[in-house]
Q: 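The structure that follows is given in the form of structure tokens.
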Amino acid sequence: MTTEQDKTEPENAKRTPAAGTTPAAPAMDREGWNRRYATKELIWTGAANRFLEAEAADLPPGRALDLAAGEGRNAIWLAERGWTVSAVDFSDVAIKKAEKLAAERKVADKIAFQAADLRSYTFEKNHFDLVALIYLQIPQEELIPILERAVQAVTPGGVFLVIAHDSENLKHGYGGPQNPDMLYTAQQVATAVDGAVRIEKAQRVERPVETDDGVKIAIDCLVRGIRL
């Protein structure tokens, strides 16, 4: 488990209202996310997710697909390391911010951004050396079909990587969605892609987060598999 500290709020988590409250919008409402992304310059940190950095640091650059890309921080990190990246997010406002940030970081020519709904997105099969799905927190009946199709986009021998708020985070961790339907475990992800990848890691990981009240621990799940 990592001991490095985050200096921001939990990373790119698709949040839902606290249990017992009435949601302002459905979990996958595009306009709701557009309004949220329009509120300030960056909702999330501009730094890449720590677990992506750790898992991709030693991979040779190739073609990467960043799903639930948000404001582009992970796609940009990959592009800065020589990857050619396709980045997809539900919010077109987030995509515009990602394009701006990529231009500022001088990697715009290495990233193809697209606003799209992953529930209906067409994945190019056997095409990417890395497919990363990071903090897509949606109901499992919508998530599982996305996982099953996304893993098919990985070229044989390539890496499939999922990072998300773990179900244990609801009671024992910090931040993230407070609706249990939006949380899942590494084992659930591994089961969904069983037969398509050789699982190298399927585990809970701790992510310390610096807050005004001191360091809090978020509990994430991480799955890494090699496409068969």
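Computed from heavy atoms alone, side chains included, the values below leave out hydrogens, waters and symmetry copies.
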Q: Is the F123 ring parallel, tilted or perpendicular to the Y121 ring (thresholds 30°, 60°)?
A: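 Geometry flag for Y121 against F123: perpendicular rings.
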Q: With a 4.5 Å cut-off on side-chain heavy atoms, are D181 and I138 touching?
A: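 Answer no - side chains too far apart.
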Q: Minimum heavy-atom separation for P208 to V215, with atom names?
A: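 What the structure gives for the nearest pair is CB-CG1, 3.7 Å.
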Q: Mind checking whether V209 and L170 sit in one hydrophobic cluster, side chains of I, L, V, M, F, W, Y counted as touching below 4.5 Å?
A: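 Per the 4.5 Å side-chain linkage, V209 and L170 are not co-clustered.
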Q: Are side-chain N/O atoms of N126 and R227 paired as donor and acceptor at under 3.5 Å?
A: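 Looking only at side-chain atoms, R227 and N126 do form a donor-acceptor pair, the distance falling under 3.5 Å.
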Q: Compute both the distance and the angle, then confirm whether R30 meets the cation-pi test with F90: under 6.0 Å from the six-membered ring centre, within 45 degrees of the axis.
A: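 Judged by the rule, R30 and F90 form a cation-pi pair.
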Q: Examine distances only and state if a side-chain atom of E71 and a backbone atom of I43 form a donor-acceptor pair shorter than 3.5 Å.
A: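 Pair found, side chain donor or acceptor close to backbone of I43.
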Q: Output the distance between atom CD (Q114) and atom CG (L65), rounded to the nearest 0.5 Å.
A: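 Rounded to the nearest 0.5 Å, the CD-CG separation comes out at 9.5 Å.
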Q: In Å and rounded to the nearest 0.5 Å, what is the CD to CZ distance from E200 to R224?
A: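 Between E200 CD and R224 CZ, I get 5.0 Å after rounding to 0.5 Å.
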Q: Under the 3.5 angstrom rule, does the side chain of Q137 hit a backbone N or O of M182 as a donor-acceptor pair?
A: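 Confirmed, Q137 side chain pairs with M182 backbone.
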Q: Does H165 reach the side chain of I219, with side-chain heavy atoms less than 4.5 Å apart?
A: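 No, too far: nothing below the 4.5 Å cut-off.
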Q: Side chains of Y184 and D166: is there a donor and an acceptor less than 3.5 Å apart?
A: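 Per modelled atom types, Y184 and D166 side chains form no pair under 3.5 Å.
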Q: Without swapping roles, check the side chain of R63 against the backbone of H127 for a donor-acceptor pair under 3.5 Å.
A: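 Looks like yes, one N/O pair under 3.5 Å.
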Q: Answer yes if L222 and L183 sit in the same cluster of Ile, Leu, Val, Met, Phe, Trp and Tyr residues linked by side chain heavy atoms under 4.5 Å apart, and no otherwise.
A: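 No, it is not one cluster - the side chains of L222 and L183 are not joined through contacts under 4.5 Å.
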Q: Assess whether a salt bridge exists between K106 and E104, defined as any Lys/Arg side-chain N lying under 4.0 Å from an Asp/Glu carboxylate O.
A: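 Not counted as a salt bridge, because no side-chain N and carboxylate O are separated by less than 4.0 Å.
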Q: Is any side-chain heavy atom of V154 less than 4.5 Å from a side-chain heavy atom of V159?
A: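 They are not in contact (no side-chain heavy atoms under 4.5 Å apart), so the answer is no.
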Q: Rounded to the nearest 0.5 Å, how far apart are CD of E148 and CG of D194?
A: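 Spacing of CD (E148) from CG (D194) equals 11.0 Å.
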Q: Look at K216 together with E210 and state whether they make a salt bridge at an N to O cut-off of under 4.0 Å.
A: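 E210 and K216: not salt-bridged.
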Q: With L67, which of V88, L136, V162 fulfils side-chain contact (heavy atoms from CB on, under 4.5 Å)?
A: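 With L67 as partner, side-chain contact (heavy atoms from CB on, under 4.5 Å) holds for just one option, V88.
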Q: Could you walk me through whether E41 and K100 pass salt bridge (charged side-chain N to carboxylate O under 4.0 Å, His left out), step by step?
A: CA-CA 11 Å; E41 189 63 22; K100 180 176 180 291; 3.5 Å; yes
Q: CG/L101 to CG/L42 distance, rounded to the nearest 0.5 angstrom?
A: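 Reported to 0.5 Å precision, the distance equals 6.0 Å.
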Q: When you check the side-chain N and O atoms of N34 and S91, is any donor under 3.5 Å from an acceptor?
A: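 Side chains of N34 and S91: pair found under 3.5 Å.
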Q: Quick one: OH on Y135 to CG on N49, what's the gap to the nearest 0.5 Å?
A: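 One finds 4.5 Å between OH of Y135 and CG of N49.
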Q: Is a side-chain N or O of Q188 found less than 3.5 angstrom from the main chain of T185, in a donor-acceptor match?
A: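 Checked: pair present.
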Q: Nearest 0.5 Å please: distance from the CG atom of L228 over to the CZ atom of R198.
A: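 It comes to 7.5 Å.
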